[in-house]
Amino acid sequence: MLCVLCISMFQGPSTLGEDGSWWRKGDHHASFENLTRAADAGCKICKILRRSLNEHGDVNFRGRFSLSFDEYWYSLYLQWGKHRTKVELERQTKLPLHWRAQYLKEAGEDLAEIPWHVPNDEYSHKDISANTGDENVLKLALKWLRLCQSEHSICQQRADLHDSKYLPKRLLDVGDTESPICRLHVAGNKQCTEASGYVALSHCWGVNPSFLTLTSDNLAEFQRGIPFHWLPKTFADAIHACRRLGFKWIWIDSLCIIQSGPGSKEDWQFHAVMMDRIYADCELNLAVARAANAAQGAFVDRDPDFLQDAFIDVREANEISAAKNENSDQATTTCLLRIRSPEDSHSYIWTLPLQQRGWVFQERLLSPRTLYFGRDRIYWECNQGTCNEFCLPLAREINPKSRRAYSLPESVLTPSPTHSTEKDMAFLHEKWYKIVEDYSKTHLTHPSKDKLVALAALAKRYHLAIRREYLAGLFSSDLPLGLMWAGKEAQIHHAVSDSGGWERREYISPDGQRDSVYRAPSWSWASMNGAVFFYPAAGIGAAMMVNFVAAIYSFRVELVDPQNPYGELSMAELTIEGPIAHIESCPRDADGVDVQVDPCVENDQLLILHIGVWNNKLVRAMVLAPNGNNTYRRVGLYEGSLPPEVSYPALKFERATVTIV
């Protein structure tokens, strides 16, 4: 349903823009109080705007709206002070509505005096549960699960790649529907061996977690039983969901990995190596996306009115057909639009707390299927499709528009025993860099320990496909190109100089400060906090446009745990030979102020090690600072243009072999 003011936004004359689209603009509610009245009365658009303003905006303004449309799409923006909210409008069909005239007449009469009034419409309304843990909600999730298992061809093909007999070292027996306890079981006993699939939980631990965890002291006690009232809400909700979905077993990291006491370090290292199997071989990944900590839970109360479908019908044909010089009789037909909330989009789950957690990144990609508990609904994701409670149903056949944002390539899921072609390898490197870029946007509570470990399961899968040395988050088969990364938040400093009548531009992207606790060599993206990107875009075709002028001489990596080549490092170094240069003029920021690239080293002591020439126009390089013991550390990325009509070999540079740590 909509309030009379929101209804009015879609009525009346429109203006034809220069781009051929039509638009309407005007005032929205005069105050936040009026907006709240409309939202409380059930207006879908006002509910969306109020929720957005409560999270991000300043309510001390009046609203404005801007609606634009053509024969293919509609776009509605609501401006409230500096805050702008987009409301998605989904075209449904064209159809006559016999009650429309009276509905609009009454809305028009109320507009001046009570713009927040929400008149009743005759669109059908759904019976929506008031909580995401309701039995009907979990019945829908079970329907999705059975459909995926029985009728999704792609998911069945992927299932053939998994070891259905694999079980993690420990699992929780969720018990019967009414049981007040769950029990910890060790894989290998008869009851656990007869398990028919298990659920793996993804959740946020939260800041300074104090919930129940497995220790060496309570291991035996947990095997006797864990009372429900000991569990945080997220775990209790997850176990309840497992029971409703017909599963007997669930894997929860904090209750299945020993967190403290004798043997905890070894148990952690064992599970870190096995993480790829724990999630890849589960039957279902249950992801509590909405909760920032274990106390918040999976199930949440929700507003059924907000979740009702809301429609508006627009008499558009008189304007569009007139622009086309068509028969104006088409004005008797209306276009029906569905009002979509941000939560209707599958991509909305990436804004929720769980998706910001670094560990969850690989859990999602490895799992065969995931059931998300969101802010006000459940979402489904598998290799064949995505859906949620209030959008299109999960299809039996492939719908390309509803596929995952991305999933692991087939060559990673089923590595070939023969060496890949150069194009295949470039494709794998490109996909790996995309994974690293997205992973680098997430957060880790303990980055010094977990930066590489939390991606180790994916690194292991890619290593089996690429079959080249894995070096601190990079593969030797794509060096030195893989060294060309930069931090997205780094400010670009530049210097401009004239030489021989041409203008040369030099750009330096400083890496910024690294943590004092060692976790990776300076030449690896893993040494950085925050988002990184590979520049230029690596992968297919990238190497073809590069003339590499540097070459890797040797590398050395020392692991904290020799059993996990993808995990923590105690040291790593790279020896590389190539042309070197120095900074000829002091870099300056956008205000023209001289800048020191590295706070610990003067600019004239920095070394620029050229890596390659792109399209015979740009030289890209690493900026290095002396580190003692005849070694260097990376402190930035350099880019400089070549003189016109001058090839790189014509420029004479000293060559040197340097070791970077």
Colleague: Side chain to side chain contact (heavy atoms under 4.5 Å, CB included) between Leu337 and Arg91: does it pass, once the steps are laid out?
Modeller: CA-CA 5 Å; Leu337 303 177; Arg91 184 187 292 265; 4.2 Å; yes

Colleague: I need the Trp144 CH2 to Tyr379 OH distance, nearest 0.5 Å.
Modeller: 10.0 Å

Colleague: Determine yes or no for a side-chain-to-main-chain donor-acceptor pair under 3.5 angstrom, with Glu135 supplying the side chain and Arg244 the backbone.
Modeller: no

Colleague: Taking the side chain from Asp237 and the backbone from Phe299, do they hold a donor-acceptor pair closer than 3.5 Å?
Modeller: yes

Colleague: Do Gln308 and Ile339 have side chains that approach each other closer than 4.5 Å (heavy atoms only, starting at C-beta)?
Modeller: no

Colleague: Using atom types as modelled and distance alone, determine if a side-chain donor or acceptor of Arg243 lies under 3.5 Å from a backbone N or O of Val174.
Modeller: yes

Colleague: Evaluate the salt bridge (charged side-chain N to carboxylate O under 4.0 Å, His left out) criterion for residues Asp309 and Lys44: first the C-alpha distance (whole Å), next the side-chain angles of each, then the deciding distance (0.1 Å), finally the verdict.
Modeller: CA-CA 8 Å; Asp309 281 335; Lys44 180 71 172 264; 5.5 Å; no

Colleague: Is the NZ or CZ atom of Arg84 positioned over Tyr77's six-membered ring, under 6.0 angstrom from the centre and within 45° of the axis?
Modeller: yes

Colleague: Is there a side-chain contact between Leu67 and Leu89, using heavy atoms and a 4.5 Å cut-off?
Modeller: yes

Colleague: Once side-chain hydrogen bond (donor to acceptor under 3.5 Å, both in side chains) is applied, what residue pairs with a partner in residues 204-213 remain, sequence neighbours excluded?
Modeller: Trp205-Asp253

Colleague: When the ring centroid of Phe228 is compared with that of Phe235, is the distance short of 6.0 Å?
Modeller: no

Colleague: Hey, are the side chains of Thr85 and Trp80 touching, using non-hydrogen atoms and a 4.5 Å cut-off?
Modeller: no

Colleague: Show your reasoning for whether side-chain hydrogen bond (donor to acceptor under 3.5 Å, both in side chains) applies to Thr442 and Gln356.
Modeller: CA-CA 5 Å; Thr442 64; Gln356 316 310 312; over 6 Å; no

Colleague: Verify whether one side chain among Ser448 and Asp515 offers a donor that lies under 3.5 Å from an acceptor in the other.
Modeller: no

Colleague: Show, in sequence, the C-alpha distance, side-chain angles and deciding distance for Ser440 and Asn529, and conclude whether the side chain to side chain contact (heavy atoms under 4.5 Å, CB included) test is met.
Modeller: CA-CA 8 Å; Ser440 70; Asn529 292 323; over 6 Å; no

Colleague: Asn285 side chain to Ala200 main-chain N or O, any donor-acceptor pair under 3.5 Å?
Modeller: yes

Colleague: Charged N to carboxylate O below 4.0 Å: is that the case for Arg290 and Asp376?
Modeller: no

Colleague: Do side-chain atoms of Ser345 reach the backbone of Ser347 as a donor and acceptor pair under 3.5 angstrom?
Modeller: yes

Colleague: Ala241 and Leu286: which non-hydrogen atoms are nearest, and at how many Å?
Modeller: CB-CD1, 3.8 Å

Colleague: With side chain to side chain contact (heavy atoms under 4.5 Å, CB included) as the test, would you mind laying out the steps for Tyr372 and Leu352 before giving the verdict?
Modeller: CA-CA 11 Å; Tyr372 293 95; Leu352 297 175; over 6 Å; no

Colleague: Within the supplied structure, the quantity of interest is the number of heavy atoms (other residues, nucleotides, ligands) at a distance under 6.0 Å from His125 NE2; does it exceed 12?
Modeller: yes

Colleague: Determine the interplanar angle of the Tyr439 and Trp525 rings, folded into 0 to 90°, and report it as parallel if under 30°, tilted if 30 to 60°, perpendicular if over 60°.
Modeller: perpendicular

Colleague: Are the side chains of Pro115 and Asp110 in touch, meaning some heavy atoms are under 4.5 Å apart?
Modeller: no

Colleague: Quick one: which residue pairs count as a salt bridge (Lys or Arg N to Asp or Glu O under 4.0 Å) with a foot in residues 342-356, not counting sequence neighbours?
Modeller: Arg51-Glu343, Arg338-Asp344, Glu343-Arg375, Asp344-Arg377

Colleague: Please determine whether side-chain hydrogen bond (donor to acceptor under 3.5 Å, both in side chains) holds for the pair Ser31 and His29, giving the CA-CA distance in whole Å, both sets of side-chain angles, and the decisive distance to 0.1 Å.
Modeller: CA-CA 6 Å; Ser31 67; His29 284 294; over 6 Å; no

Colleague: With rounding to the nearest 0.5 angstrom, report the CD to CZ distance, Glu437 to Phe533.
Modeller: 8.0 Å

Colleague: Would you say that Trp359 contacts Asp450 through its side chain, given a criterion of any heavy-atom pair below 4.5 Å between the two side chains?
Modeller: yes

Colleague: Closest approach of Phe373 and Thr132, non-hydrogen atoms and distance?
Modeller: CE2-O, 3.8 Å

Colleague: Do Arg514 and Ser527 get their side chains close enough for a donor-acceptor pair, meaning under 3.5 Å?
Modeller: yes

Colleague: Quick one: does Lys86's side chain get under 4.5 Å of Ser75's, heavy atoms only?
Modeller: yes

Colleague: Closest heavy-atom contact between Leu145 and Leu245?
Modeller: CD2-O, 4.4 Å

Colleague: Measure the spacing between CD1 of Ile45 and CG of Leu76 and express it to the nearest 0.5 Å.
Modeller: 5.5 Å

Colleague: Are the side chain of Lys47 and the backbone N or O of Ala39 linked by a donor-acceptor pair below 3.5 Å?
Modeller: yes

Colleague: Report the C-alpha distance between Leu172 and Trp251 in whole Å, list the side-chain angles of each, state the deciding distance to 0.1 Å, and finish with yes or no for side chain to side chain contact (heavy atoms under 4.5 Å, CB included).
Modeller: CA-CA 6 Å; Leu172 288 167; Trp251 187 87; over 6 Å; no

Colleague: Quick one about Glu363 and Ser202 (side-chain donor to acceptor, distance below 3.5 Å, no hydrogens or angles considered), yes or no?
Modeller: yes

Colleague: Could you pull out the closest heavy-atom pair between Val4 and Ile114, with the gap in Å?
Modeller: CG2-O, 3.5 Å

Colleague: Can you tell me if Gln355 uses its side chain to pair, donor with acceptor, with the backbone of Ala289 under 3.5 Å?
Modeller: no

Colleague: Could you tell me which residues satisfy ring pair (Phe, Tyr, Trp, His ring centres under 6.0 Å) with Phe65, sequence neighbours excluded, listed by chain and number?
Modeller: none

Colleague: If we only count heavy atoms from C-beta on, is the His346 to Glu381 side-chain gap below 4.5 Å?
Modeller: yes

Colleague: For Val118 and Ala41, which heavy atoms make the closest approach, and how far apart are they?
Modeller: CG2-CB, 3.5 Å

Colleague: Quick one: does any side-chain atom of Arg357 pair with a main-chain N or O of His443 as donor and acceptor, under 3.5 Å?
Modeller: no

Colleague: The test is side-chain hydrogen bond (donor to acceptor under 3.5 Å, both in side chains); show your working for Gln362 and Tyr279 and say whether it passes.
Modeller: CA-CA 9 Å; Gln362 65 176 8; Tyr279 282 90; over 6 Å; no

Colleague: What distance separates Ile252 CD1 from His203 NE2, expressed to the nearest 0.5 Å?
Modeller: 7.0 Å

Colleague: Between SG of Cys46 and CG of Leu35, what distance do you get to the nearest 0.5 Å?
Modeller: 5.0 Å

Colleague: Give the intermediate values and the outcome of salt bridge (charged side-chain N to carboxylate O under 4.0 Å, His left out) for residues Arg302 and Asp134.
Modeller: CA-CA 11 Å; Arg302 59 190 185 180; Asp134 185 85; over 6 Å; no

Colleague: Give me the atom names and distance for the closest heavy-atom approach of Val288 to Ala298.
Modeller: CG1-CA, 3.5 Å

Colleague: Are side-chain heavy atoms of Pro119 and His117 found at a separation under 4.5 Å?
Modeller: yes

Colleague: To the nearest 0.5 Å, what is the distance between CG (Leu138) and CD1 (Ile378)?
Modeller: 7.0 Å

Colleague: Would you confirm whether Arg519, through its side chain, and Ala526, through its main-chain N or O, come within 3.5 Å as a donor-acceptor pair?
Modeller: yes

Colleague: Ignoring hydrogens and geometry, is there a side-chain-to-backbone donor-acceptor pair from Ser52 to Leu49 under 3.5 Å?
Modeller: no

Colleague: Identify whether the distance between the nearest side-chain nitrogen and carboxylate oxygen of Asp40 and Arg50 falls below 4.0 Å.
Modeller: yes

Colleague: Please check if the number of heavy atoms outside Lys126 that lie under 6.0 Å from its NZ is greater than 12.
Modeller: yes

